[in-house]
Amino acid sequence: MPLTLHDTLSRTARAITPLDGKTLRFYCCGPTVYGPAHIGNFRTFVAQDVFRRVIEQGGLATLHVRNLTDVDDKTIRDSQKAGQSLTDFTRHWTEKFHTDCAALNLLTPHVEPSAVAHIPHQIRMIETLIERGHAYATPDGSVYFKVASFADYGRLSHLEDRELKLGASSAASATDSDEYTKDSLADFALWKGKKAEDGPNHWSSPWGEGRPGWHLECSAMSLEYLGEDFDVHGGGVDLIFPHHENEIAQSCCATHGKFARHWFHVTHLMVDGGKMAKTLGNFYTLENLASRGYSPAEVRYVLISGHYRTPLNFTLHSLDAARQALQKMAKFDKALREVSGLTGDVTSDEPGPFAAAWETLNDDLNVPGALGDIFGTINKTKAASLSKDEATAVLKGFHFLLRALGLKLPVLVDEAATEVPADIAELAEKRWEAKQSKDWAAADVLRKELDAAGWIIKDSKDGYQVLRK
RNA sequence: GGCGAGGUAGCAAAGUGGUAAUGCACUGGUCUGCAAAACCGGUAUGCGCGGGUUCAAUUCCCGCCCUCGCCUCCA
């Protein structure tokens with residue numbers, strides 16, 4: 001059952017098959033490492049992670065490349081503001097990014113190339129583009145891509161009918177001195193000549209000291225690690241134009257290949273029904289959600305709970321719902337383990353009773369639909385009435401899906417080690433004694449006291465548990 | 001203005017030419033001294049609004065309203 005995925009370029013769902021028949025090669029635009037990534041950034045990376053997991057669970061190998069943008073306007077500006085070298089500054093934020101990725105259970109890309117470490121590759125590509133008449137140098141030491149030289153420009157973003165050079169933003173930036181040197185306002189920078197505000201961040205090139213333009217790094221590094229033609233290229237929807245449009249132009253003009261065969265774009269996350277912004281106080285990172293008591297696993301669940309091409313409205317309440325949903329899964333897992341006797345990691349090559357969910361997942365990565373199917377199967381499965389073999393089969397299928405979604409089950413609330421303060425423990429013990437002597441009135445008073453203090457009592461046949469409310 | 005995505009129960013979110021998955025929340029019951037947990041149920045005659053096509057539309061077509069994104073360096 002091959003995965004079908006919507007392709008931005010053709011605007012159709014197409015089966016994902018590897019060009020070489022065995023390894024699916026894909027490139028994802030990674031983060032600009034100049035600050036903490038927010039949950040909106042992670043929606044894209046998590047969606048790409050599910051994509052990779054579904055491909056791998058389906059039996060194919062993958063070659064996943066995701067770059068680090070560690071030389072651009074923002075990294076240069078903010079490193080200087082922080083009084084740090086570009087290297088030290090971006091290393092810090094790269095490490096933070098990796099920590100967050102691990103917390104979200106994201107598989108590590110096979111290659112994670114750094115832009116600043118591939119400047120020679122970028123220079124070589126610029127030389128080729130100039131040789132072929134697709135780029136030109138200007139007196140200030142910059143090099144621009146000549147958009148008019150590439151007939152297909154605008155195909156991905158479907159802006160071919162638009163007068164690109166009349167864009168509002170470029171009109172506003174026309175006062176920028178180096179904009180004057182371009183032949184056309186639509187042309188974009190491949191190499192930026194050295195400027196005073198860049199400080200020590202400049203490199204030698206045939207056109208003098210300077211630094212690479214942003215779009216170029218992805219073309220140069222995908223060529224280096226994936227070749228002229230590869231299977232899938234992904235990123236957030238905001239990258240369709242101009243970033244991916246420019247990548248296509250650079251790569252197709254610098255090589256004889258067709259570049260990416262399939263474009264995979266993830267729609268933006270919304271927060272509380274609108275845009276996430278620091279001024280609105282809804283700018284969330286894993287760190288500040290953790291300080292509110294939410295785990296990365298809960299964040300991941302919320303991020304995958306909407307289809308990747310539909311705007312997802314993130315709220316704190318949705319994190320509460322995710323927590324309960326994960327608890328429900330963990331209880332199901334526990335019940336099956338008790339019957340099957342299985343412990344530790346459970347692996348499987350097939351979805352078993354969860355075939356419907358697996359099929360849904362392979363239909364354009366319909367994660368919310370698959371979650372619905374999973375709960376449907378959970379709800380109709382009576383673990384206690386299954387034989388050991390049956391329970392084993394269900395558990396294996398369940399974990400096949402969990403692995404495809406990258407979900408790790410939480411420790412059940414009942415089983416989490418909870419420190420009970422001495423005074424609470426004392427009240428609970430008194431209540432138990434009252435209950436044993438069938439003094440229901442006294443027992444209820446004590447239960448209410450505990451409840452007011454934020455604790456609940458859970459009785460069983462021969463004892464009780466004190467749990468946080 | 002152009003291009004794109006979306007408007008489904010209190011919240012979140014799938015889906016379909018034949019009358020609406022799922023999670024949370026709420027709620028009835030079984031169980032329990034009472035609870036909790038668990039289990040069995042209930043909760044949109046309705047899918048932005050108005051037309052049209054059809055035996056039948058939430059699902060197709062047309063128009064409108066609203067939200068969000070992009071329109072040169074934002075995942």
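These figures come from a predicted structure and were not determined experimentally. Quick note on labels: first sequence line is chain A, next is B, and so on, each numbered from 1. Values reported hereafter were calculated over all heavy atoms of this structure, with side chains retained and with hydrogens, waters and symmetry mates removed.
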If you check the [X] side chain, which of [options] turns out closest?
X         : options                : value
Met270(A) : C68(B), A75(B), C73(B) : C68(B)
Trp214(A) : C24(B), A36(B), C73(B) : C73(B)
Lys458(A) : G69(B), C40(B), A36(B) : A36(B)
Lys331(A) : A14(B), A38(B), C73(B) : A38(B)
Lys275(A) : C70(B), A13(B), G15(B) : C70(B)
Gln324(A) : C3(B), C73(B), C24(B)  : C24(B)
Ala186(A) : A36(B), U72(B), C40(B) : U72(B)
Phe241(A) : U22(B), C73(B), C70(B) : C70(B)

Between [X] and [Y], does any side-chain N to carboxylate O distance fall below 4.0 Å?
X         : Y         : answer
Lys96(A)  : Asp100(A) : yes
Lys192(A) : Asp73(A)  : yes
Lys195(A) : Asp198(A) : no

To the nearest Å, give me how far apart [atom1] ([X]) and [atom2] ([N]) are.
X         : N      : atom1 : atom2 : answer
Leu450(A) : A35(B) : CG    : P     : 17 Å
Arg11(A)  : A5(B)  : CZ    : P     : 6 Å
Asn379(A) : A38(B) : CG    : P     : 12 Å
Leu371(A) : A14(B) : CG    : P     : 10 Å
Glu338(A) : A37(B) : CD    : C1'   : 13 Å
Phe375(A) : C39(B) : CZ    : P     : 12 Å
Asp238(A) : U72(B) : CG    : C1'   : 13 Å
Leu269(A) : U67(B) : CG    : C1'   : 15 Å

Considering only atom [atom1], compute the distance from [N] to [M] and round it to an integer number of Å.
N      : M      : atom1 : result
A35(B) : U27(B) : P     : 14 Å
A56(B) : G17(B) : C1'   : 8 Å
G51(B) : C40(B) : C1'   : 45 Å
U19(B) : C62(B) : C1'   : 24 Å
G63(B) : U72(B) : C1'   : 35 Å
G15(B) : G69(B) : C1'   : 24 Å
C61(B) : G46(B) : P     : 24 Å
G48(B) : A13(B) : P     : 14 Å

Any donor-acceptor pair under 3.5 Å linking the side chain of [X] with the backbone of [Y]?
X         : Y         : result
Asn201(A) : Ile76(A)  : no
His262(A) : Leu5(A)   : yes
Ser142(A) : Gly193(A) : yes
Arg66(A)  : Thr108(A) : no
Asn366(A) : Leu361(A) : no

_Parallel, tilted or perpendicular: which one describes the rings of Phe188(A) and His215(A), with boundaries at 30° and 60°?_
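Ring orientation of Phe188(A) relative to His215(A): perpendicular.
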*asked:* Parallel, tilted or perpendicular, judged at 30° and 60°: which one describes the rings of Phe259(A) and Trp263(A)?
replied: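 If you compare the ring of Phe259(A) with that of Trp263(A), the planes turn out tilted.
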Kindly give the atom pairs (protein nitrogen or oxygen, nucleotide nitrogen or oxygen) under 3.5 Å for nucleotides 31-34 of chain B.
from, atom 1, to, atom 2, distance (Å)
G33(B), O6, Arg431(A), NH2, 3.3
G33(B), N1, Asp444(A), OD1, 3.0
G33(B), N2, Asp444(A), OD1, 3.0
G33(B), N2, Asp444(A), OD2, 2.5
C34(B), N3, Arg447(A), NH2, 2.9
C34(B), N4, Asp459(A), OD2, 3.2

Find the partner of [N]: check Watson-Crick (N1-N3 plus N6-O4 or O6-N4) and G-U wobble (N1-O2, O6-N3) distances, both under 3.5 Å, and reply none if neither fits.
N      : result
C60(B) : G52(B)
C70(B) : G2(B)
U30(B) : A38(B)

*asked:* Would you say that Leu401(A) contacts Phe354(A) through its side chain, given a criterion of any heavy-atom pair below 4.5 Å between the two side chains?
replied: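 When only atoms from C-beta onward are counted, Phe354(A) and Leu401(A) do touch, with a gap below 4.5 Å.
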*With the side chain counted from C-beta on, respond yes when Ser222(A) and His233(A) share a heavy-atom pair under 4.5 Å apart, and no when they do not.*
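Answer no - side chains too far apart.
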*Output the residues of residues 37-46 of chain A in contact with RNA chain B, where contact means a heavy atom of the residue under 4.0 Å from an atom of the strand; sort by number or write none.*
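Here the set is His38(A), Gly40(A), Asn41(A), Thr44(A).
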_Contact residues, residues 298-313 of chain A to RNA chain B [heavy atom, < 4.0 Å]_ =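 Hits under 4.0 Å, by residue number: Ser305(A), Gly306(A), His307(A), Arg309(A), Thr310(A), Pro311(A), Leu312(A), Asn313(A).
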*Assess the pair His38(A) and Phe283(A): is the distance between their ring centroids shorter than 6.0 Å?*
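Yes; Phe283(A) has its ring centre under 6.0 Å from that of His38(A).
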_Any side-chain donor near an acceptor of the partner, Arg52(A) and His64(A), under 3.5 Å_ =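 Distance-only check passes for Arg52(A) and His64(A).
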*When you check the phosphate oxygens OP1 and OP2 of C74(B), does a side-chain N or O of Lys74(A) lie under 4.0 Å from one of them?*
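Result: yes.
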